[in-house]
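Labels below follow one simple rule: chain letters A, B, ... track the order of the sequence lines, proteins then strands, and each chain is numbered from 1.
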Number of protein chains: 2
Amino acid sequence: MKIGELSKTTGCSIQTIRYYEKEGLLSTPERTEGNYRLYGERALKELEFIKHCRSLDIPLIDVKRLIELKNKPEESCASVNALIEQQLSLVNKRMRELKALKAELQQMVSSCTTENTVEACGIIKSLDS
Amino acid sequence: MKIGELSKTTGCSIQTIRYYEKEGLLSTPERTEGNYRLYGERALKELEFIKHCRSLDIPLIDVKRLIELKNKPEESCASVNALIEQQLSLVNKRMRELKALKAELQQMVSSCTTENTVEACGIIKSLDS
DNA sequence: ACTTGACTCTATAGTCACTATAGACTTTAT
DNA sequence: ATAAAGTCTATAGTGACTATAGAGTCAAGT
């Protein structure tokens, strides 16, 4: 299949697919006579793997490491585990931050009665303090 | 005060301060004879306002709008409110996403017994599916 | 045979909010 | 007088894409 079909099947944009290839995350595809990229089942699976990692917010550099580890099936998976745990702690941290943000934003919204002028606006006041 | 002092007082890096100025978020400072930027109380307040907005993840373009609104105190603050509410809904959306991420990552971590090889690794398996 | 339109190619620039660097200039301390 | 610290501008890099320009390829219809 050509890049357009792979793009539709996976939901990755064409540019993103080419970008992943350039970054060494997808194996180099064959080409047609006219220099079009040609993909098979394998590329599809590689791309789904990357997509799944990205949906977990795993940065591309770590995705790359995971792919390399996948290709060394006899090694210990301790580093895979470490990577995922690190990702988990990042997510936890970000969630705590967002909780605080949410509380403050809610407080701000509740301090605003829309009939106000900017001058009297509780939101601007709280941003100012 | 010079830029280094402003940087220390506010915790913004020197480059960030210059960046905010270039983007039109800070008013243009006076200069010494030797072309050094000179700041006073006003710049300090402007910068604190920006910092506070940024700590709420409000994008710079919206911070700029808020600053403009601040300078029109007689107008209605409805658009201030809309902006903050939009920000709140973004935060909510992101929190829902992170919750789902967290659940999946935890599931993955629990599927890994560190003695495994990569081949048998539950994490890699779940990323593959 | 020719043309149209859809698809693909590479290379490059833009996004956001900074951070980092190079090379020159100014000020402060010894 | 000199060294160190601070500041200046301009430029490039970050991450993970997205968007664009300009050229080439291919299949279908006239």
A.B. asks: When you compare the side chains of Q107(B) and S126(B), does any donor N or O come within less than 3.5 Å of an acceptor on the partner?
C.D. replies: no

A.B. asks: Considering only heavy atoms, which members of residues 44-52 of chain A lie under 4.0 Å from some atom of DNA chain D?
C.D. replies: none

A.B. asks: Grab the CD-P distance between E23(A) and dC17(D) for me, whole Å please.
C.D. replies: 10 Å

A.B. asks: Does Y39(A) form a side-chain contact (heavy atoms from CB on, under 4.5 Å) with L47(A)? I'd like the steps, not just the answer.
C.D. replies: CA-CA 11 Å; Y39(A) 299 101; L47(A) 194 45; over 6 Å; no

A.B. asks: What is the distance, to the nearest angstrom, from the OH atom on Y20(A) to the C1' atom on dT18(D)?
C.D. replies: 12 Å

A.B. asks: Starting at CZ of R54(A) and ending at P of dT18(D), how long is that distance when rounded to a whole Å?
C.D. replies: 10 Å

A.B. asks: Please assess R94(A) against D57(A) for the test side-chain contact (heavy atoms from CB on, under 4.5 Å), listing each intermediate value before the final yes or no.
C.D. replies: CA-CA 12 Å; R94(A) 189 64 187 140; D57(A) 268 4; over 6 Å; no

A.B. asks: Output the rounded distance in Å from CG (L26(A)) to P (dA16(D)).
C.D. replies: 15 Å

A.B. asks: Can you tell me if N71(A) uses its side chain to pair, donor with acceptor, with the backbone of I67(A) under 3.5 Å?
C.D. replies: yes

A.B. asks: So does K72(A) pair up with E68(A), basic N to acidic O under 4.0 Å?
C.D. replies: no

A.B. asks: Could you tell me whether the phosphate oxygens of dA17(C), OP1 or OP2, come under 4.0 Å of any side-chain nitrogen or oxygen in T16(B)?
C.D. replies: no

A.B. asks: What is the distance, rounded to the nearest whole Å, between atom CD of E21(B) and atom C1' of dA17(C)?
C.D. replies: 17 Å

A.B. asks: Is Y36(A) reachable from Y19(A) through a run of hydrophobic residues whose side-chain heavy atoms are each under 4.5 Å from the next?
C.D. replies: no

A.B. asks: To the nearest Å, give me how far apart OH (Y19(B)) and P (dT11(D)) are.
C.D. replies: 17 Å

A.B. asks: Answer with yes or no whether the hydrophobic clustering places L60(B) together with V80(B); edges join I, L, V, M, F, W, Y residues whose side-chain heavy atoms lie under 4.5 Å apart.
C.D. replies: yes

A.B. asks: Let me know, please, whether I61(B) or Q15(B) comes out on the 5' side of the other along DNA chain C by nearest nucleotide.
C.D. replies: I61(B)

A.B. asks: Take the protein atom CD of E33(B) and the nucleotide atom P of dT7(D), then report the distance between them rounded to whole Å.
C.D. replies: 17 Å

A.B. asks: Cluster question for you: counting only ILVMFWY and a side-chain heavy-atom cut-off of under 4.5 Å, with indirect links fine, are M108(A) and L90(B) together?
C.D. replies: no

A.B. asks: Output the rounded distance in Å from CG (L6(B)) to C1' (dT7(D)).
C.D. replies: 14 Å

A.B. asks: What does the inter-axis angle of the helix from dA1(C)-dT30(D) to dT30(C)-dA1(D) come out as, five pairs per end, nearest 10 degrees?
C.D. replies: 30°

A.B. asks: Does the side chain of D128(B) come within less than 4.5 Å of K70(A)'s, by heavy atoms?
C.D. replies: yes

A.B. asks: For every nucleotide of nucleotides 3-11 of chain C, 5' to 3': is a protein heavy atom under 4.0 Å from its base (B), only from its sugar-phosphate (S), or from neither (-)?
C.D. replies: ----BSBB-

A.B. asks: Consider the side chain of S13(A), meaning its heavy atoms from C-beta on, and name the nucleotide among dT18(D), dC17(D), dC26(D) that approaches it most closely.
C.D. replies: dT18(D)

A.B. asks: Is there a side-chain contact between L25(B) and K64(B) in this structure, where contact means two heavy atoms from C-beta onward sitting under 4.5 Å apart?
C.D. replies: yes

A.B. asks: With heavy-atom distances below 4.5 Å as the criterion, would you say the side chains of S79(A) and L69(A) are in contact?
C.D. replies: yes

